[in-house]
Amino acid sequence: MRLAPLVSKLVTFRSLQGRLLLGLSCALVILAGAVLGMAWQVGKGMVHETNMAHLRYEATLLADEITQQVEQRIDALERLSGAIGLSNDSAWLGHELQKNDALLSWFDGLVISNEQGVIVTDWPSVVGRIGLEVSESEYYEMVRGVRQPYVSEPFIGRARGVPLVIISVPRLDEEGRFAGVIGGMVSLDSGGLFNRLNTIRLGREGYAAVVTSNGKVLYHPDHQLVNKHVDEIQPNPLLDLALDGWQGEGVTELADGRTSLQAYAQVWPADWVVGLFLPANQAYLPLSGFIYKLFGIWVVLALMIMPLLWWLLARILKPLEHLETQIGEVGVGQRTRLDLATNMQELQQVAETFNRVENERQQLFGHLQEREAFLDSVLSATPQGMFVANFGGIITYMNPALLHMLAIEADAQADVWIHQIHPDDREGAKDMWAHSLKTGNDFVRQLRFIRSDKETLWLDVHARVVMLSKGGHSLGLVGVVKDITERRQQEALQRWEAEHDPLTGLLNRRGFDRRLEEAFADYQKTSTPSALLLFDLDHFKPINDEGGHALGDEMLRRIAQVVAWEVRRSDHVARQGGDEFGVLLPSCTLGQAQTIAESLRQAVSEVSVTHEGKEYTVTLSLGVTTFDESDETVESALSRADAASYEAKGQGRDGVVVKLPSEFDPMALFD
């Protein structure tokens with residue numbers, strides 16, 4: 001019924017039971033590895049010592065047997081020497097050798113030389129051997145020199161082409177004087193010296209070998225190596241010691257690079273060395289098989305123990321399932337505390353701690369509900385717009401005052417108001433909001449909000465991070481929203497009135513000066529050309545004197561309308577005071593400015609007012625100039641334009657005069 005979830009937990013080890021089983025399994029694996037490792041190390045040492053003792057024994061046994069074989073052949077030759085005496089008669093010596101034909105079971109051939117080193121007879125007879133000079137041969141010189149039996153170095157026989165050695169004994173007279181040599185040739189292949197080596201078994205890959213003290217190979221399973229020097233095969237430090245007379249055992253590498261166990265013994269009568277070689281992997285093969293068997297037994301036992309361990313763990317952890325069930329019942333309100341029937345002290349402590357924490361949680365939950373009810377009442381009753389946001393940037397609560405202010409439904413999406421922020425303010429508000437979320441700094445911003453009824457509000461938003469008194473953790477942001485639309489409109493009106501003439505609606509001197517400074521700064525930075533027109537009204541005083549200030553004000557308003565109509569939308573027209581006017585033409589060349597000045601002069605000359613049947617008109621005396629690189633301040637351009645306006649009056653009024661820096665003398669203003 002619940003098999004699938006159980007298997008899933010076991011496979012993924014997500015349950016405590018599965019993890020405990022995994023831990024026990026790992027412990028068993030580690031224990032088995034440690035036991036097998038120790039068994040391998042101890043067994044390896046024992047196997048090593050056993051194999052070394054066996055190799056030492058076998059090497060000694062083989063050396064003794066070969067020594068016996070060599071000594072028997074030497075004894076036979078010495079008896080033959082005593083039987084034949086000192087005669088050098090070839091026929092008689094040949095007859096004597098034939099009588100000792102049984103020696104051919106030990107030798108492949110027999111030869112006898114005289115004192116001068118000449119072969120006087122042989123058996124079996126080989127053509128060309130009798131009369132052969134051997135006085136310079138190695139074995140003849142050694143026997144004549146030491147007067148002792150000697151075994152020669154291996155060589156290839158001429159008759160059969162097989163490797164041979166000669167066992168030689170001296171022919172001595174009664175006074176011990178040298179009289180020649182009796183030699184017996186022994187085949188290394190079939191002479192019987194190494195029959196025992198052919199039958200020895202050192203596993204599948206172990207073998208025995210015999211070399212002379214000079215390093216020539218006498219016997220080796222690989223027949224191609226016979227009669228070769230050991231240095232041609234591979235340097236072997238243990239063999240080098242054995243060639244110097246050492247006997248013993250050790251470990252070194254074979255010619256194929258494998259490590260091997262080796263033992264050496266000396267065949268003293270022949271001055272030979274017997275060596276036994278057993279590859280290490282072959283020596284430790286029985287131990288490896290034993291370790292593998294132990295591992296297999298452990299795997300079988302582990303597979304048998306696992307179900308038992310799983311059942312025992314399930315029994316031990318059964319109280320945990322009761323604990324899980326009761327915690328779930330507490331969570332859904334089916335019980336108020338844990339009541340476990342178990343003797344496990346740890347679980348009893350967990351249950352007691354949980355019951356204490358649950359009681360405290362219930363008390364805190366009750367206080368929290370009371371505080372939430374109180375807070376909801378306060379937020380709902382306050383006339384100030386308020387909201388709460390989490391650290392994901394999502395607004396989770398808006399009080400009724402804010403919903404009413406923004407004309408947003410209570411069930412609307414929490415972020416719907418973001419899309420109603422004025423497009424010009426939206427990106428800046430988003431960047432500032434993200435910065436506050438990231439750094440925890442206050443969010444302070446004034447922005448425009450477009451309500452659903454298309455009314456635009458100016459809002460002052462101030463949000464602050466709420467921190468817990470303990471631990472310094474933050475809960476989110478609480479914000480206050482004020483409607484400052486009326487205040488912004490009042491401020492805009494005040495800014496407009498501060499820079500505009502109330503009679504004509506044109507810029508006043510303050511507003512005109514600010515725009516002049518801005519245009520002059522652009523010229524200094526980017527060399528953007530700007531032109532300046534200054535003029536006052538000709539014949540304006542009679543209008544005020546005869547018609548009164550009301551008539552003069554009407555004329556000023558009409559002229560202001562005409563001038564504003566004639567210039568471009570980007571130009572700035574100002575009434576600087578009385579009947580004095582100024583026009584700033586941004587991005588305008590001198591030629592364009594002169595054309596505009598003429599059109600203004602013509603248009604204003606057509607403006608008139610009537611009082612008591614009399615029509616009044618005025619004309620303009622305009623001064624025109626542009627900003628120049630020599631101007632240090634905007635006052636320089638104002639002075640040139642003012643001087644040009646006065647010059648226009650001096651020329652009879654109703655005219656346009658253009659002044660360039662090169663044509664202007666500032667001192668002329670004081671003439």
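Computed over heavy atoms, backbone and side chain alike; hydrogens, waters and symmetry mates excluded.
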Audit row: Ser113, Val118, side-chain contact (heavy atoms from CB on, under 4.5 Å) steps and yes/no = CA-CA 5 Å; Ser113 73; Val118 178; 6.0 Å; no

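- Proximity of a side-chain donor or acceptor of Ser81 to a complementary backbone N or O of Arg171 within less than 3.5 Å is not detected.
- Listed for the Gln266 side chain is a donor-acceptor partner under 3.5 Å among the backbone atoms of Ala242.
- The two atoms that bring Glu253 and Asn236 nearest to each other are O-ND2, 4.3 Å, heavy atoms only.
- Between the side chain of Asn114 and the main chain of Gln116, a donor-acceptor pair closer than 3.5 Å is present.
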Report the C-alpha distance between Leu97 and Leu80 in whole Å, list the side-chain angles of each, state the deciding distance to 0.1 Å, and finish with yes or no for side-chain contact (heavy atoms from CB on, under 4.5 Å).
-> CA-CA 8 Å; Leu97 290 181; Leu80 177 61; 3.7 Å; yes

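- Expressed to the nearest 0.5 Å, how far CZ of Phe277 lies from CD of Gln282 amounts to 15.5 Å.
- Atom CD1 of residue Ile156 and atom CG of residue Leu164 lie 7.5 Å apart, to the nearest 0.5 angstrom.
- Minimum interatomic distance between Val186 and Asp108 (heavy atoms only, all atoms of both residues): C-OD2, 3.9 Å.
- Nearest heavy-atom pair across Leu276 and Leu62 is CD1-CD1, 3.7 Å.
- Taking CG from Asn227 and CD from Glu153, the interatomic distance works out to 9.0 Å, rounded to the nearest 0.5 Å.
- Judged as a side chain to side chain donor-acceptor pair (under 3.5 Å), not a single pair has a partner in residues 289-298 (not counting sequence neighbours).
- Defined by atom type and a distance below 3.5 Å, a donor-acceptor pair is present between the side-chain atoms of Asp101 and Trp123.
- Using a distance-only test at 3.5 Å, with no hydrogens or angles considered, a donor-acceptor pair links the side chain of Arg73 to the main chain of Trp106.
- Remark: Asp231 CG to Asp240 CG distance equals 6.5 Å, nearest 0.5 Å.
- Other residues, nucleotides and ligands contribute only 12 or fewer heavy atoms inside 6.0 Å of the CZ atom of Phe290.
- Applying the ring-ring contact (aromatic ring centres under 6.0 Å, His included) rule to pairs touching residues 32-67 yields nothing, sequence neighbours excluded.
- Trp310 contributes atom CH2, which lies 10.5 Å from atom OG of Ser25 (distance to the nearest 0.5 angstrom).
- One finds a salt bridge joining Lys99 and Glu96 here, because a Lys/Arg side-chain nitrogen approaches an Asp/Glu carboxylate oxygen to under 4.0 Å.
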Report the C-alpha distance between Trp272 and Val70 in whole Å, list the side-chain angles of each, state the deciding distance to 0.1 Å, and finish with yes or no for side-chain contact (heavy atoms from CB on, under 4.5 Å).
-> CA-CA 11 Å; Trp272 292 346; Val70 172; 4.1 Å; yes

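- Summarising the geometry of Tyr139 relative to Ser168, their closest heavy-atom pair is CD1-OG, 3.2 Å, with the distance given to 0.1 Å.
- Relative ring orientation between Tyr264 and Trp246 is described as tilted, the plane-to-plane angle lying within the 30° to 60° band.
- With sequence neighbours left out, the side-chain contact (heavy atoms from CB on, under 4.5 Å) criterion links Ile297 to Leu301.
- Taking the six-membered ring for Trp and thresholds of 30 and 60 degrees, His220 and Tyr207 have ring planes inclined between 30 and 60 degrees apart.
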Steps toward side-chain contact (heavy atoms from CB on, under 4.5 Å) verdict (Ile74, Ile167) | CA-CA 7 Å; Ile74 291 175; Ile167 300 177; 3.6 Å; yes

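- When all heavy atoms of Ile112 and Ile182 are compared, the pair lying nearest together is CG1-CG1, 4.1 Å.
- Put simply, the side chain of Ser260 never gets that close to the backbone of Gln262: no donor and acceptor are under 3.5 Å apart.
- Other residues, nucleotides and ligands place more than 12 heavy atoms under 6.0 Å from the CE atom of Met306.
- A donor-acceptor pair is defined here as one N or O able to donate and one able to accept, closer than 3.5 Å; no such pair exists between the side chain of Glu249 and the backbone of Arg56.
- Side chain of Ser90 to main chain of Val120: a donor-acceptor pair is present (N/O by atom type, distance under 3.5 Å, no hydrogens or angles).
- Of all non-hydrogen atoms in Ala179 and Leu86, the two that sit nearest each other are CB-CD2, 3.7 Å.
- Once rounded to the nearest 0.5 Å, the distance linking CZ of Phe354 with CG of Asn359 reads 10.0 Å.
- The environment of His223 atom NE2 is sparse: at most 12 non-hydrogen atoms of other residues, nucleotides or ligands sit within 6.0 angstrom.
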